[in-house]
Each structure stands twice: as C-alpha cells, then as structure tokens.
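These notes concern the structure reproduced below.
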Amino acid sequence: VSTQSTWGHFLSVYFFSFMAAFKFFNADFCPFAQRSWIALEEKGVAYEHVIVNYFNKTLPATQDFLKLSPEGTVPAALVGGEALYDSLLFNEFLEDFHPEKSLLPKDPHQRFHMRSQIKRHDARLIPAFYGFLMGCASLVGGARGELAGHRWSRSQRQLHSRADGVQRQHSGPLSYG
C-alpha cells in the first residue's frame, strides 16, 4: 500500500465528512448572505441550505441559526461543528478551505482593488438596495398615495444610479462579494 493513496483516502474521507456537516443559513433578501451563497455555488461546495425566517423566530431552523450568529445576521454556517458568520469572513474561509478554485485574483494589487470595490459596494449599493426593498414593502403592504409611490420611485432611481456607478468601477468577472 502506498502512502500517497492512504493520504489521498484520508483526505477524501475527511473532506466528505466535513462537507456532510456543512449547513448554510441564508435569508433570500440579504445581499450579504447572497454573496456567500454565490461563492459556495461558484466553488462547487456541497452544503445543506437552510432558509432563516426573521418573522417567525419560533421555527427550529431560525432558532438553530440564532445560536450560531452572535449578531443574528445572515449568513451563518455550521461547518464541522463550528459556527461561521459574516459574509466576508465566511468567503475568506471558503478561499482557505477550497484554494483549488479561487475567486480571488492572484496579484496582490488586484486583490487590493477587489477589496476596495467590496467596501464601496457595501457603503453605497447596499443601503440603496435596502431602501428599494423598503419602498417595495410599503407598496405591497398597502401604503397608498403619492408619497409611497414617490418614495419607491426615488429609491429605484437611487439603486440604479449606484449600481451603474459600481458597475463602471468594476473590473473583473466576480467581485468576491
């Protein structure tokens, strides 16, 4: 028996058991959770996808999630019995755990620019996105009249404007977040 095949078998068993215990907690509306969800899919990682319901905290899946995430924010994951949270930290973990399919540029300068794009994205685009969601929610929730329509239109214009700005500054296929 060669040591190489024994080592390969050990790694396969280790990774398989690790993957089987990989639970990813997500909420559909959260762009931070979506960035980690996209990273999981791009890397081809096997995981159990658990949707968190913020509106019903009595559900078992939501209670499990709240035990993992110290601030009660998505995404969170249970990996090998350990809690992981925060989308950027989670994505860094994925890079370390699955370096064979990197989502990061090789060049340190390009990595700097990528991280700078993420910071701008988080500061400018995410607030506009949430403003847009709140505008939609007020229309769906029954708010009527000119004021609700005006808020929705303004938030939609702001989201498009900021998204266009981020896209003009973006230089790669993925922004890692």
(request) From the options Tyr47, Tyr85, Phe24, select the one residue that forms a ring pair (Phe, Tyr, Trp, His ring centres under 6.0 Å) with Phe90. (result) Phe24

(request) Mind listing the closest non-hydrogen atom pair of Ile51 and Ala61 along with its distance? (result) O-CB, 4.3 Å

(message) For Glu71, give me all partners under side-chain hydrogen bond (donor to acceptor under 3.5 Å, both in side chains), at least two apart in sequence or on another chain.
(response) none

(message) Nearest 0.5 angstrom please: Arg120 CZ to Gln117 CD, how far?
(response) 5.5 Å

(request) Considering only NZ, NE, NH1 and NH2 on the basic side and carboxylate oxygens on the acidic side, decide whether Glu92 and Arg115 come within less than 4.0 Å. (result) yes

(request) Write down the atom of Phe22, the atom of Leu94, and the distance for their closest heavy-atom approach. (result) CZ-CD2, 4.3 Å

(request) Mind jotting down which residue pairs meet the side chain to side chain donor-acceptor pair (under 3.5 Å) criterion with at least one end in residues 57-69? Sequence neighbours excluded, please. (result) Asn56-Thr58

(message) Using a 3.5 Å distance criterion without hydrogens, assess whether the side chain of Lys101 forms a donor-acceptor pair with backbone atoms of Gly44.
(response) no

(request) Locate the shortest heavy-atom distance separating Leu68 from Ala76; write the atom from each residue and the value. (result) CB-CB, 4.4 Å

(message) Going by the rule side-chain hydrogen bond (donor to acceptor under 3.5 Å, both in side chains), which residues pair with Asp86 if we only count those two or more places apart in sequence or in a different chain?
(response) none

(request) Drop me the distance from Asn91's CG to Leu84's CG, to the nearest 0.5 angstrom. (result) 11.0 Å

(message) So, taking the atom named NZ in Lys119 and the one named CE in Met114, what distance separates them when rounded to the nearest 0.5 Å?
(response) 14.0 Å

(request) Would you give the length of the straight line joining atom CG of Leu66 to atom CZ of Phe25, rounded to the nearest 0.5 angstrom? (result) 9.5 Å

(message) Can you tell me how far apart CG (Asn26) and CD (Gln34) are? Round to the nearest 0.5 Å.
(response) 7.0 Å

(message) Check this for me: does any side-chain nitrogen of one of Glu95 and Lys43 sit under 4.0 Å from a carboxylate oxygen of the other?
(response) yes

